[in-house]
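As structure tokens, the structure follows; a few thoughts come after it.
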Amino acid sequence: MSPVPDKPTLDGLERKWAARWSADGTFTFDRTKRRAEIFSIDTPPPTVSGSLHMGSVFGYAQTDAIARYRRMRGDEVFYPMGWDDNGLPTERRVQNFYGVRCDPTIPYDPDAPIPDAPGDGQTPVSRQAFIELCHKLTAEDEQAFEHLWRTLGLSVDWSLTYATIDDRSRRVAQRAFLRNLARGEAYATDAPTLWDIDFQSAVAQAELEDREQQSAYHRVAFRGSAGPVFIETTRPELIPSCVALVANPDDDRYRPLVGGSVRTPLFDVEVPVHAHPLADPEKGSGIAMICTFGDTTDVTWWRELDLPVRTVIQRDGRFQATRPEWLATGPWEELAGKTAKQAKRRIVELLTESGDLEGEPRPITHPVKFFEKGDRPLEIVTSRQWYIRNGGRDDALRAALLARGEELRWHPPFMKVRYDHWVNGLNGDWLISRQRFFGVPIPVWYPVRDDGTVDHDEPIVPSEIDLPVDPSSDPAPGYDESQRGKPDGFIGDPDVMDTWATSSLSPQIACGWIDDDDLFERTFPMDLRPQGPEIIRTWLFSSVVRANFEHGSLPWRDTTINGWVLDPDRKKMSKSIGNVITPMPLLEEFGADAIRYWACRGAPGTDTAADKNVMKVGRRLAIKVLNVSKFVLGLGAGAGGEVTEALDRSMLAQLDAAVASATSALDAYDYTRALDAIETFFWHFCDDYVELVKGRAYNEGAGADSAKAALALALSTLQRALAPFLAYATEEAWSWWKDGSVHRQPWPSPTGIDGDPLVLDAAADALAQVRKAKTEAKVSLRAPVDEARVTDTAERIAALRHAESDLRDAGAIALLTLADGEPGVEVALAPAAP
RNA sequence: GGGCGAUUAGCUCAGUUGGUUAGAGCACCUGCAUGACGCGCAGGGGGUCGGGGGUUCGAAUCCCUCAUCGCCCACCA
């Protein structure tokens, strides 16, 4: 306990109590508890390579309120934090920050200088040096995040922190992958893949976004035996890639052509004309050219019509330098080495000169697929990639994963349809390999045959005990490093896994799967997955996929999906608009409790504006907690005694109702409704009950004892009920009269004291009328009243009689009369003193 | 094109099975030195519940439709 200060303040509470919680191990997880006693939370590992923003604190503060509530309910809360530091965002940040670029062909030299300060330029560094820089920068970012989380007051056990690139995570990710591989759930195949030409990597369906782009239909003539056949295309530069034309089987205009062939303009390549139901008679001219590959429909046609591959665009987005073997004639040299954009411009000129372009290109706007973090449209290239089955090609698996979605308890429930839509809309398996560097390596090697060719069909895998491995620097089992790349030797798979292939295993990483069976048994499957709505299709879904394969269960029982944070004008915050609000200045201006309050006022799943006015209200509430605690303690609350007075029992009955309402709301993860119930009662308590009872409490005797006992009970209850939200102010006020942390106290249970809620309500209403009379007369609330006459229903008057003397005290009323009748209060003020 | 959510006072939001005169906070206005709180306290004004239909004795609440905002999805010829 510490003395009540003369002037309570919120300033400095974060620093004071964060240090104390850390020193006392207030939130340390006790791993001796049984599974039934534990509440485990699969905290989202934030991407540390980004800047901190309000969205970062919003969901975490809400989850922390739940965590603190569960802890007070007696659960041992398993609440680890992770950092998502692996992957492309980190690489990009490192490239920009240090001015470097990873060149895996450079051999690692431990003595080579590597930048250690911000720089610009494109200094090439070895793969290992690049990875070291990634580790270095993320370590700094992680400190900034931890500082923010500690200031905000997250009650995580910081000794349980993991990072998605650390040894433990790499071991889990590789082990899970190898088990997927052994069971046939992971496989590699050569197939057309969406490809980002800037990042030089394949990307997955979940990472796509459509962007509206300006384009134009070009009406181009193919030569048919019975005259020209016009197609309309937005990508005329792909004419050298054309492998067929396609029309709808029911389209009478083109039926005569189907089964025959036409010749491409400029290059004079003979291509067949096919029929396929996917061809839309309404689009363009109704007959389309199929190229390998212009878009994903091309891929479908190519596969279903069994067409050849004629790729001209390389992985860097440029047309290949050498003339493709299927182009016997035509102006290939005009296109070689050009980007798709440059080639389009040139080919339009060539088509115009040859007379194969009819009319002017017709401008349109249409959606084009981009990598969500990319700058140029995706191309489709054929490459060998690793996949994990996700139901995109398998109806039984899809149904099983949809059933997992049913089994999961969603808060709020409407978020579940996003999962269903995503799973139903999958059109392929999950592509997990990335041609990048800072990630978990695909843990396989391949034998090199005696002729120097690579045997991809017989991958060499490590034993689980040796994980994590890096096939780029570790030799394959049974081989010596000197055999790397040699005939009869081996090569390592050069790819890394996508970030989601690791973070989808966050429950397994956090709970110690295989590495710590004892912990795993006590924490998995977890209780709660809190997360944002935009990553249902990635993080949530992929986590369900992995747990379904590995454990035959859900990874957790419940999921809470938080809303989106909008700017004060309810616009989406984005860097380009420049309306991004950063949390640290707000934490300093209003205090952590105010920010926590703001976050918890945002209902589950509801988009919420970053509104300073709400933070101000939270700050006011926190200050009030300090002040009313000081006052109530100054009245001598807690001196013991029995609650005998009807007014006191009435207040406690109302308090019990508020707590009961908050309890059921929190059990359903509705922290907003809980906060509202307690907050509403709290102000009623301060403004009405404390005012009515303070006179009696100053006196002595049974009435005073009753008041003091009731005040102590209420104060203890309110401090505890507000603790999940106002973590600091409640802890501070609790320390003035109790030992131990309020956050380790039991959540309030009913006081068990019967009372009639009407007594306090009737007294508060009558007091309000007396106050109104004084305010309208523009006199002090302490001004004496000669006579007040309260009339009301018999029931309310009967209730009021129990609080008659308190009302007289609080209103400074000389003569108070109560009578049945029409509701009303007549107040005769004493004449003003001269 | 499809889906989900939102639309209530100037602003931010409650309003949980349809039921007396639709609530709160902020802001605004008018007051008040009061045993803690002036980062306070008391009181007040302010809303045809997005528009239009419908069901019902009765609709902010249920149904249909339209509009606006946000998010998600969709095969880009």
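So that the names make sense, note that chain A is the first sequence line, chain B the second, and so on, each numbered from 1.
A/H411 and A/Y669 have tilted rings, their planes meeting at an angle from 30° to 60° on a 0 to 90° scale. Classification of the A/H684-A/F681 ring pair by plane angle, with boundaries at 30° and 60°, yields perpendicular.
Distances shown here put a side-chain N or O of A/K624 below 4.0 Å from the OP1 or OP2 atom of B/C41. Look at A/K772 and you'll find a side-chain N or O under 4.0 angstrom from OP1 or OP2 of B/G44. In this model, the phosphate group of B/U12 is not approached by any side-chain N or O of A/K612 to a distance below 4.0 Å at OP1 or OP2. In this structure, A/Q769 does not reach the B/A42 phosphate: none of its side-chain N or O atoms is under 4.0 Å from OP1 or OP2. In terms of phosphate contacts, A/R619 brings no side-chain nitrogen or oxygen within less than 4.0 Å of OP1 or OP2 of B/C37. When the side-chain nitrogen and oxygen atoms of A/H276 are compared with OP1 and OP2 of B/A77, none of them lie within a distance under 4.0 Å. Residue A/T234 places at least one side-chain N or O under 4.0 Å from the OP1 or OP2 atom of B/A77.
When only modelled atom types and interatomic distance are considered, A/E304 and A/H276 share a side-chain donor-acceptor pair under 3.5 Å.
Within a heavy-atom distance below 4.0 Å of RNA chain B, the residues of residues 206-221 of chain A found are A/D210, A/Y217.
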Show me the protein contacts with nucleotides 7-10 of chain B, counting only N or O atoms at under 3.5 Å.
none

Protein-nucleotides 30-35 of chain B N/O pairs under 3.5 Å:
unit_1, atom_1, unit_2, atom_2, d
B/U34, OP1, A/R782, NH2, 2.8
B/U34, OP2, A/R782, NH2, 2.9
B/U34, O5', A/R782, NH2, 3.2
B/G35, O2', A/Y698, OH, 2.6

Which pairs, protein N/O on one side and nucleotides 14-24 of chain B N/O on the other, fall under 3.5 Å?
unit_1, atom_1, unit_2, atom_2, d
B/G15, OP1, A/R673, NH2, 3.1
B/U16, N3, A/R673, NH1, 2.3
B/U16, O4, A/R673, NH1, 2.3

For this session: Run the numbers on A/T560 and A/Q62 for side chain to side chain donor-acceptor pair (under 3.5 Å), then give the verdict.
Result: CA-CA 10 Å; A/T560 50; A/Q62 295 168 347; over 6 Å; no
For this session: Would you sort out whether A/W737 and A/L715 count as a side chain to side chain contact (heavy atoms under 4.5 Å, CB included), showing the intermediate values?
Result: CA-CA 11 Å; A/W737 65 313; A/L715 188 64; 3.8 Å; yes
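In this structure, A/K344 contributes its side chain and A/T234 its backbone to a donor-acceptor pair below 3.5 Å. In terms of modelled atom types and a separation under 3.5 Å, the side chain of A/T680 and the main chain of A/D676 share a donor-acceptor contact.
At most 12 heavy atoms of other shown residues, nucleotides or ligands fall within 6.0 angstrom of atom CD in A/E700.
Considering only residues two or more places apart in sequence or on other chains, A/T672 meets the side chain to side chain contact (heavy atoms under 4.5 Å, CB included) condition with A/A603, A/P604, A/D670. Residues meeting the side chain to side chain donor-acceptor pair (under 3.5 Å) test with A/R362, sequence neighbours left out: A/E232.
A/Y419 pairs with exactly one of A/W539, A/W410, A/F414 by the ring pair (Phe, Tyr, Trp, His ring centres under 6.0 Å) rule, that one being A/W410.
Closest contact between the side chain of A/V617 and the listed nucleotides B/C71, B/C76, B/C26 involves B/C26. With B/A36, B/A77, B/C41 as the candidates, the nucleotide lying closest to the side chain of A/N627 is B/A36. Here B/G38 is the nucleotide among B/G38, B/A77, B/G70 with the atom lying nearest to any side-chain atom of A/K7.
Geometrically, A/R596 does not engage A/F725 in a cation-pi contact, judged by NZ or CZ lying under 6.0 Å from the ring centre and within 45° of the ring axis. Because its NZ or CZ atom is both nearer than 6.0 Å to the ring centre of A/W683 and within 45° of the ring axis, A/R620 counts as a cation-pi partner of that residue.
Remark: aromatic rings of A/W598 and A/F590 are distant, center separation not under 6.0 Å.
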